[in-house]
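See below for the structure under consideration.
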Amino acid sequence: MKKILLVEDEKNMARFIELELKHESYDVQVATDGEQGLSLALREDYDVILLDLMLPKLNGIEVCRQIRSVKKTPIIMLTAKDSVVDRVSGLDHGADDYMTKPFAIEELLARIRVIFRRQEDAVVEATAPLLVFQDLSVNLDSRVVRKGEEQIHLTKREYGLLVTFMENVNRVLTREALLDKVWGFEAAVDTNVVDVYVRYLRNKIDSANEVSCIQTLRGIGYVMRQ
């Protein structure tokens, strides 16, 4: 069961949101001021925190800042203020989302579900089969390619070449072997097409002024190595 902390000082609003969340089978704890909310947030683990901006004892921005300094718990800020400054301030201090009162409870529930889907997707991606070479990574389930934190968009052939190289690091691959692996044994293309696509791939994965990790062996083929 997902656990939610609601920090809201308006009793009627807090009770209404609490009942709606419980109706959706969430485990809900309620704090009515900033100090109590911060204490609970730091002491216990929650799947999401709903945090009012205007709170007694400690305002929501400060509560958010202190939570974010030690935890990555998703935070949705709730406030009657609708100014750009207030929204930016909340997001800059670590909030993941922002809702202005009054709001439809269905929208709040939808935004909570979005956060949970993101968490589930992150878990799936973290446990998926992964190829790694230097700062390059390939998620074999999602086919997502990254160089550091940046996602690299490859065509089907470029992706096939990269995976083949990363599965055969330090192993020399002839043009014929690459053609068979990536294009298939019956592909009616010349081996020169391999050179063309290796050039395309290098343009996407190599950094400026950096020696390519895909090295050419004249008259033989290619090898991926440091």
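Just so you know, these numbers come straight off a predicted model, no measurement behind them. All heavy atoms count here, side chains included; hydrogens, waters and symmetry mates do not.
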Residue Tyr200 excluded, over 12 heavy atoms near OH under 6.0 Å = no
So, are Glu8 and Lys101 salt-bridged, with charged N and O less than 4.0 Å apart?
-> yes
Closest heavy-atom contact between Ile61 and Leu53?
-> CG1-CD1, 3.3 Å
Treat each ILVMFWY residue as a node, draw an edge where side-chain heavy atoms are under 4.5 Å apart, and state whether Leu19 and Ile112 are in one component.
-> no
Side chain to side chain contact (heavy atoms under 4.5 Å, CB included) between Cys64 and Ile49, intermediate numbers included | CA-CA 9 Å; Cys64 183; Ile49 296 172; over 6 Å; no
Note: Val7 and Asp33 closest approach over all heavy atoms is CG1-O, 3.7 Å
Could Asp27 and Lys3 be called an ion pair, given the rule that one side-chain N must be under 4.0 Å from one carboxylate O?
-> no
Residue set satisfying side chain to side chain donor-acceptor pair (under 3.5 Å) with Glu24, at least two apart, ordered chain then number -> none
Side chain to side chain contact (heavy atoms under 4.5 Å, CB included) partner of Tyr222, the single match among Thr164, Leu161, Val194, Leu173 | Val194
Quick one: do Asp96 and Arg68 make a salt bridge, cutoff under 4.0 Å?
-> yes
For Asn170, does the CG atom sit with more than 12 other heavy atoms under 6.0 Å from it, leaving out its own atoms?
-> yes
Mind listing the closest non-hydrogen atom pair of Arg225 and Phe133 along with its distance?
-> C-CZ, 3.8 Å
Partners of Phe16 by ring pair (Phe, Tyr, Trp, His ring centres under 6.0 Å), sequence neighbours excluded?
-> none
In terms of heavy-atom contacts, does CZ of Arg202 have more than 12 from other residues, nucleotides or ligands at under 6.0 Å?
-> yes
Audit row: Leu140, Leu131, side chain to side chain contact (heavy atoms under 4.5 Å, CB included) steps and yes/no = CA-CA 7 Å; Leu140 296 176; Leu131 291 175; 3.9 Å; yes
Return the minimal non-hydrogen interatomic distance between Pro74 and Asp47, and the atom names on each side.
-> CD-O, 3.4 Å
Mind checking ring pair (Phe, Tyr, Trp, His ring centres under 6.0 Å) for Phe116 and listing every partner two or more places apart, or none if nothing turns up?
-> Tyr26
Distance-only side-chain donor-acceptor flag, Asp206 / Ser212, under 3.5 Å = yes
With the threshold set at 4.0 Å, does a side-chain nitrogen-carboxylate oxygen contact exist between Glu107 and Arg111?
-> yes
Arg65 and Glu62 ion-paired at < 4.0 Å = yes
Minimum-distance pair of heavy atoms, taken over all atoms of Ile205 and Cys213 = CD1-SG, 4.2 Å
